[in-house]
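Order of appearance sets the numbers: ligands from 1, and atoms from 1 within every ligand. Hydrogens, waters and symmetry mates play no part in the numbers below; they use all other heavy atoms, side chains included.
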Amino acid sequence: MTLTTSFHIPVQRAYPSRLHEVDWENLEFGKYFTDHMLICDFTDGQWQDPQIIPFGDFRLSPVSLALHYGQTIFEGMKAFRMDDGAINIFRPERHYDRMVLSSERMCMPVPPREVFIEGLHQLVDLDRNWVPGEEGSTLYLRPFMIATEARLRVKVSDSYRFAIVATPTGKYFEKPVSVKVERDFVRAARGGTGYAKCGGNYGASMYPTQKAREEGYDQVLWTDGSTHRYIEESGAMNVFFVLDGTLVTPPLSDSILDGVTRDSLLKLARRQGVPVAERPVDVEELKEAFKKGAITEAFGAGTAAVISPIGVIGIDGKDYTLPQSGTKGIGAQLKDALDNIRYGREADTEEWNFIVK
Ligand code: COI
């Protein structure tokens, strides 16, 4: 799908460009930001005109509601430099739909579709020199919204800022990750905000993740909030296992984020004839599968993480090591299939690619 610009957003250009400051060999996630950003404010009950301006600080009241009570949501998607040099934003519509769900859950106004989609398009077009050329490196796009009303009462804000910033990025994880199955702390309970991409979910995960890091793990593998028996997700990514040759992932619920990479992988796996199951994964089942050798792969999937192999799963004080299937496993096969579409090597039959002309 090719985006055409029907809706023009005024641009205030940044001079000089900061492109030369980037160390392209070390694209640490979220370290460099492109020259421009989009902003669009919601005041007086309506969205005002969006603008693209030089990347820079916001002026915020110290009592902006977002800073105190957590009305903040965000999205994360990527722009790829395709093999023919064109630039492709992957599945922006799906990300927009999820931002609508997050807005509704957090009592925030829904950003207009054209501001989100055209804003991404025009920002990426303007900052196209920031899209890395090397395969595996991408321009990560971060639309987000914060409550800006200056008030200290606990209330739904009357004003908001929607913004989009962009950061050239390499791999999120450099090597297979080790995860600790979390049996005490909770990321999201049923009825909570787990399915929304809101800042609070990430804030709440810091302490348990810090504890897991002290024990030598990279990430937490969350279990359900009521029984701590079933695997949910890993916070920065959804999780997949290959159990007896079937690709298994926990089913979506209101405590699991509906990952765009998760959805893409499930579609690609089904298309390739890989047996797929979206079903609860009991931690006891995982232990048994390790004993029997029935678990051959585990990986996280997310926009930032792409497909990140899991090397070790810590369960109740014992570490279980996964064989690394390298380029041969189902995870690697699906990553290739995804990249083939995103880089334009295979037909984009699902219309996932938004080409920036
Ligand atoms: C993403 O994959 O886009 C995420 O939001 C995960 C993390 C960087 C917060």
Side-chain angles (χ1 to χ4, degrees), residues 27-34 66 70 72-80 88-103 105-106 116 120 123-124 131-132 136-146 162-174 177 179 187-188 193-210 212-213 217-222 232-240 249 252 255-266 299-310 331 334-335 338-339 342 352 354:
L27 287 177
E28 190 190 313
F29 183 84
K31 180 169 175 186
Y32 302 105
F33 290 90
T34 65
T72 75
I73 58 172
F74 69 94
E75 271 304 316
M77 78 200 81
K78 281 179 171 171
F80 296 79
N88 165 27
I89 304 176
F90 191 68
R91 304 193 73 180
E93 295 275 1
R94 177 99 186 176
H95 285 278
Y96 176 75
D97 291 345
R98 192 171 62 185
M99 192 156 211
V100 171
L101 289 181
S102 302
S103 311
R105 180 63 179 82
M106 299 305 288
F116 187 98
L120 284 165
L123 184 66
V124 172
V131 182
S137 296
T138 53
L139 187 67
Y140 181 88
L141 305 165
R142 171 57 64 87
F144 64 101
M145 188 178 4
I146 57 173
F162 170 75
I164 308 176
V165 295
T167 171
T169 186
K171 279 191 177 158
Y172 197 80
F173 295 113
E174 285 299 333
V177 287
V179 294
R187 170 186 172 273
T193 57
Y195 70 96
K197 210 157 172 63
C198 63
N201 291 341
Y202 296 81
S205 70
M206 302 263 174
Y207 182 73
T209 305
Q210 186 81 355
R213 292 229 166 97
Y217 300 98
D218 300 310
Q219 292 271 307
V220 167
L221 192 49
W222 299 103
E232 297 230 304
E233 58 156 272
S234 187
M237 47 197 190
N238 294 111
V239 65
F240 285 82
T249 193
L252 293 177
S255 55
I256 295 185
L257 191 79
D258 182 359
V260 177
T261 308
R262 176 188 182 280
D263 177 77
S264 308
L265 296 184
L266 288 172
F299 56 87
T303 297
V306 195
I307 293 186
S308 291
I310 293 175
L334 293 176
K335 180 172 181 307
L338 194 59
D339 281 346
R342 304 205 275 204
W352 285 343
F354 270 58

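- If you look at Lys197 next to ligand 1, the close heavy atoms, those under 4.0 Å, all belong to the side chain.
- Less than 4.0 angstrom separates some heavy atom of Phe74 from each of these atoms of ligand 1: 5 (O).
- With values rounded to the nearest 0.5 angstrom, Asn88 atom CG is found 9.5 Å from Phe354 atom CZ.
- For Phe29, no nitrogen or oxygen atom sits less than 3.5 Å from a nitrogen or oxygen atom of ligand 1, counting backbone and side chain alike.
- Not less than 6.0 angstrom separates the ring centroid of Tyr140 from the ring centroid of Tyr172.
- Rounded to the nearest 0.5 angstrom, Ile310 CD1 and Leu221 CG are separated by 6.0 Å.
- The nearest heavy-atom contact from the protein to atom 6 (C) of ligand 1 is Ala236 O, 3.8 Å.
- Considering only non-hydrogen protein atoms, atom 9 (C) of ligand 1 sits nearest to Tyr202 CE2, 3.6 Å.
- Nearest non-hydrogen protein atom to atom 3 (O) of ligand 1 is Tyr140 OH, 2.6 Å.
- Residues that satisfy the ring-ring contact (aromatic ring centres under 6.0 Å, His included) test with Phe33, not counting sequence neighbours, are Phe55.
- Side-chain contact annotation: Thr261 with Asn238, donor-acceptor N/O pair under 3.5 Å absent.
- A donor-acceptor contact shorter than 3.5 Å is absent between the side chain of Asp258 and the backbone of Tyr195.
- Near Ala304, the atoms of ligand 1 lying under 4.0 angstrom from a non-hydrogen atom of the residue are 1 (C), 2 (O), 3 (O), 8 (C).
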